[in-house]
There are 2 protein chains.
Amino acid sequence: MSSPVASPGPEPSGRQVRPAGRHRAAPAPRPGRTAVTKQKLFDAALRLVGERGPASVTVDEIAAEAGVAKGTVYYNFGSKDGLVDALLRHGVELLAGRLREAERYADTREAVDHLVDGALGFFGEYPAFAQLLVSELWRTPGQWHGTLSLLRDDIVSILKGQMQRVADAGRLPPGVEVGTASAALFGTLLVVALDWQVFQPERTREQVRDSVLPLVHGLAAARAPEPEPPGS
Amino acid sequence: MSSPVASPGPEPSGRQVRPAGRHRAAPAPRPGRTAVTKQKLFDAALRLVGERGPASVTVDEIAAEAGVAKGTVYYNFGSKDGLVDALLRHGVELLAGRLREAERYADTREAVDHLVDGALGFFGEYPAFAQLLVSELWRTPGQWHGTLSLLRDDIVSILKGQMQRVADAGRLPPGVEVGTASAALFGTLLVVALDWQVFQPERTREQVRDSVLPLVHGLAAARAPEPEPPGS
DNA sequence: CTATTTGAACTGACCGGTCAGTGCAAAAGG
DNA sequence: CCTTTTGCACTGACCGGTCAGTTCAAATAG
């Protein structure tokens, strides 16, 4: 039942047709009704959109999957795009939260370990979100490109921070740029997680993690004096 | 101009996409304008599908972009899916061809260099294809998942072959599995290429390559002779 | 002559978005 | 304590528009 988006934030982004109360308005904080509905919609939308892509999923399907009426979607999110947008934001926020946990560890190696583990855990829990992310992140003229660019910065900056620490410790091979290493790490984690879910679902998360960790460690520890740039 | 499928030649080794269509089949291979028309359709389809995804692009748009009548699409490919399917196959075939060139080099390091360079070159030349690939490759119930799984195997097996050579040379850190390393490499190359195209288009391909190479080399080289592989 | 392409008309389904109306729980009023 | 009002949250039939796919006669190229 869990969902990557769990925030009962009372944010009726849908347009209000009626003027708000004119008497003593705002009597009491909205009961959990709205939050529950939004949660159900997030769950359903994540499942379907992750599987088949935002464009191929109909609002009717999402509503049906969530067990609510179509109008409810528009009441709560204004539009199909609004729903997807909110879904994206919440998902990234949750992922960023997990990655940021790694910042708590003073030891560089330990921090990297938790970074990898956090990312793998999140993508393993919500493969549909990983799929959604990878599908839309680089879609240039996409309607979510602006939003996603910002969201991407959130995540990459976290990775960058950690990689910078690795670099400061002098553990990065010469010539490797922090930005490139971060992008590579991000791509590696995404692809490894998706490959795991799609092509090797029988593997446990620990197995996958233990196969990725030495790879990352191998990169972040080897400092080979290679004074010869390959042919050019 | 330019397309991942470049073989307007009169005889592409008999690789016919199948005339499809419910009209009389064409037993007499007389590629007159057909090849040119298909080429135009591939170009247009790649551009649009890569940008906005297969589901969001209409056949009318593709036909218009290609400067061809809608009926021609159905005459040549039978259906929209047929067109996308052929597009996928041709693109992967071309990519695989480039990657396989790396197999010609006896030196492991040199081979890896050319592997990276080839992949980067291809993705840089056809970013729309990279986008299409990354969007559809892990879409589990997608209509192209079956096809793409096969195509993925083509590419990954090439990468795996090279990584195996690296492993045999004892240059992989202990504990790193070849399969994982291949998937990670694939993901790294894809993501780095897409990031380059989308977020840093001003960088030259050489710059990007030179920032990735030391990263890969750092991983695949200079490992203390660790004669203790943790079994399997 | 045949293979290929054209271009337009048509259809049948589907989809995003709308809106008048319903249900209900809390506040207001008595 | 009971009745009435208020308005939020939700409903679902409906509408205008779009699209994949079909068909075909005429034009064009080899």
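Convention: sequence-line order gives letters A, B, ...; per-chain numbering from 1.
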In terms of ring plane angle, is the pair B:Tyr105 and B:His114 parallel, tilted or perpendicular, where the classes change at 30° and 60°?
parallel
Could you tell me whether a side-chain N or O of A:Lys80 sits under 3.5 Å from a main-chain N or O of A:Pro54, the two making a donor and an acceptor?
yes
Taking OP1 and OP2 of C:dT5, is either one under 4.0 Å from a side-chain nitrogen or oxygen of B:Thr37?
yes
When you measure from the side chain of A:Asn76 to the backbone of A:Thr72, do you find a donor-acceptor pair of N or O atoms at a distance under 3.5 Å?
yes
CG on B:Asp117 to CZ on B:Arg98, rounded to 0.5 Å:
10.0 Å
Are A:Phe122 and A:Phe129 close enough that their ring centers fall under 6.0 Å?
yes
For C:dT5, does OP1 or OP2 lie under 4.0 Å from any side-chain N or O of B:Tyr75?
no
Whole angstrom is fine here: how far is it from CG in A:Leu48 over to C1' in C:dC15?
15 Å
Round to the nearest Å and state the distance from B:Asp60 atom CG to C:dT6 atom P.
14 Å
Got a sec: does the NZ of A:Lys160 have more than 12 other heavy atoms crowding it under 6.0 Å?
no
Would you say A:Asn76 reaches D:dC10's phosphate, i.e. side-chain N/O to OP1/OP2 under 4.0 Å?
yes
In whole Å, I'd like the distance from the CD atom of B:Glu61 to the P atom of D:dG21.
14 Å
Between C:dA3 (P) and B:Lys38 (NZ): distance, integer Å:
15 Å
Separation of A:Tyr74 atom OH from C:dC15 atom P, in whole Å?
11 Å
So, with a heavy-atom separation below 4.0 Å from DNA chain D, the residues of residues 63-73 of chain B are B:Lys70
